[in-house]
Number of protein chains: 2
Amino acid sequence: MTDPQGSSGETLLFLTDEQLRQGAEAMFFAYRGFTADPDRILAGLSYGRAHHRALHFIHAAPGTTVNNLLNTLGVTKQSLNRVLRTMVEDGLVESRVGRNDRRERHLHLTEAGDTLERQLSNAQRARMRAAYKQAGPEAVAGFRKVLESMMDPEMRRQYQRLREGRG
Amino acid sequence: MTDPQGSSGETLLFLTDEQLRQGAEAMFFAYRGFTADPDRILAGLSYGRAHHRALHFIHAAPGTTVNNLLNTLGVTKQSLNRVLRTMVEDGLVESRVGRNDRRERHLHLTEAGDTLERQLSNAQRARMRAAYKQAGPEAVAGFRKVLESMMDPEMRRQYQRLREGRG
DNA sequence: CTTGGAATGTCAACAAGGCTGACTTAAACT
DNA sequence: AGTTTAAGTCAGCCTTGTTGACATTCCAAG
């Protein structure tokens, strides 16, 4: 509200309630943009955002178990199971009984699943690529830094584990 | 995928599919953190995230009309109306007939509404404040820049109008 | 070896919150 | 007077979240 450009010093500049409020609104509007393109594609098919998320993380960690995926997505078993079941029925996802522990199901994308995943993430990446390009490399580094600081510790661990698993 | 650390130059460094994929995952996990605290509060009451969003934007633009709010939130009349009706009934929101145009309803928070809004946004801001502090002022500037670039043009206009109305 | 508990996944039923479409009411505009 | 606009409502649908009960499998203690 007052002191928009920091006569009271660098440190406080970004910590006024008004600055934080704007950050929250930016998150809200940006997240809508972030999901808009894949949502548009999915609207045509009989799938939703939940399917996209599952596809994404199965692609990111092939062979992951249902339980793993549950924790990553932060939803309950049934919520995931419904989504998963339709995609198994439709031949996008394969669910293989674990060799060591036969209670587990290991999830993999079929070729069709991989194709849809790529289509969705391509749409999403196109927007991110444009945003990154427009904002510049330094801004992107800051973007990533703040996002990471905003995660719950548990999520941050998941996030970093995924990164490490790919390089 | 290939070229993870940019032998092909600064410009491409942030535009590999892998970098963009990580950005998408960061958005996903961060948004969960972003909504986690208010969601926890709301779980106790009989309200949800939809109520929080309405409260936030009515607080941000007191006297806004239903149509305005509709566009800001990006939902349909019925969807908003359900949420709004319960909050009017519960005495959190007041709906006043327009003076100039008596078809319009101008929305305001009651004292109770303001109290709840503050409680929710305090929780949310606490996390953002911590994240901002940890990431530092430069990172925050980049964060805001990328988020803004990620919005649809229509949303960006809304976002900027809200900022101007206050800052 | 058996048995009881823990882990994993599946199914049934329900709730929140999106959506469309049709319709009403009131007020404003032309 | 007739049209358009803002808001509200009803009915009904879909996705995606929830809890609770259940089946299967593993493992460890007796």
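Letters go in sequence order (proteins before strands), and every chain restarts at 1. When reading the values below, keep in mind they use all heavy atoms of this one structure, side chains included, and skip hydrogens, waters and symmetry mates.
- Taking atom NE2 of residue A:H51 and atom P of nucleotide D:dT15, one finds them 8 Å apart after rounding to whole Å.
- For the contact set between residues 67-83 of chain B and DNA chain D, defined by any heavy atom under 4.0 Å, the members are B:N67, B:K77, B:Q78, B:N81.
- The minimum heavy-atom distance linking A:A50 with A:V83 is given by the pair CB-CG2, 3.7 Å.
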- Please report the C-alpha distance between A:L20 and B:R127 in whole Å, then the side-chain angles of each, then the deciding distance to 0.1 Å, and finally whether the side-chain contact (heavy atoms from CB on, under 4.5 Å) criterion is met. CA-CA 10 Å; A:L20 295 164; B:R127 183 187 291 256; over 6 Å; no

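- Between A:E154 and A:R157 there is a salt bridge, since at least one side-chain N of the basic residue sits less than 4.0 Å from a carboxylate O of the acidic one.
- Taking the six-membered ring where tryptophan is involved, the planes of A:F57 and B:F29 are tilted, since the angle between them lies from 30° to 60°.
- Put simply, the side chain of A:T110 gets close to the backbone of A:G91: a donor and an acceptor are under 3.5 Å apart.
- A heavy atom closer than 4.0 Å to some atom of DNA chain C occurs in B:G48, B:R49, B:A50, these being the qualifying members of residues 26-50 of chain B.
- Protein chain A contacts DNA chain C from C:dA6 to C:dA13, reading 5' to 3' and using non-hydrogen atoms of the protein with a distance under 4.0 Å.
- Remark: P of D:dT3 and CZ of B:R103 are 16 Å apart, rounded to the nearest angstrom.
- Classification of B:R32 and A:D152 as a salt-bridged pair fails, no side-chain N sitting under 4.0 Å from a carboxylate O.
- Ring orientation note: the planes of A:H56 and A:H52 are nearly perpendicular, at an angle over 60° on the 30°/60° scale.
- At least one side-chain heavy atom of A:L55 sits under 4.5 Å from a side-chain heavy atom of A:M87.
- Checking A:Q160 against A:E148 by side-chain atom types alone, a donor-acceptor pair falls below 3.5 Å.
- Considering only heavy atoms from C-beta on, A:H59 comes within 4.5 Å of B:R21 through its side chain.
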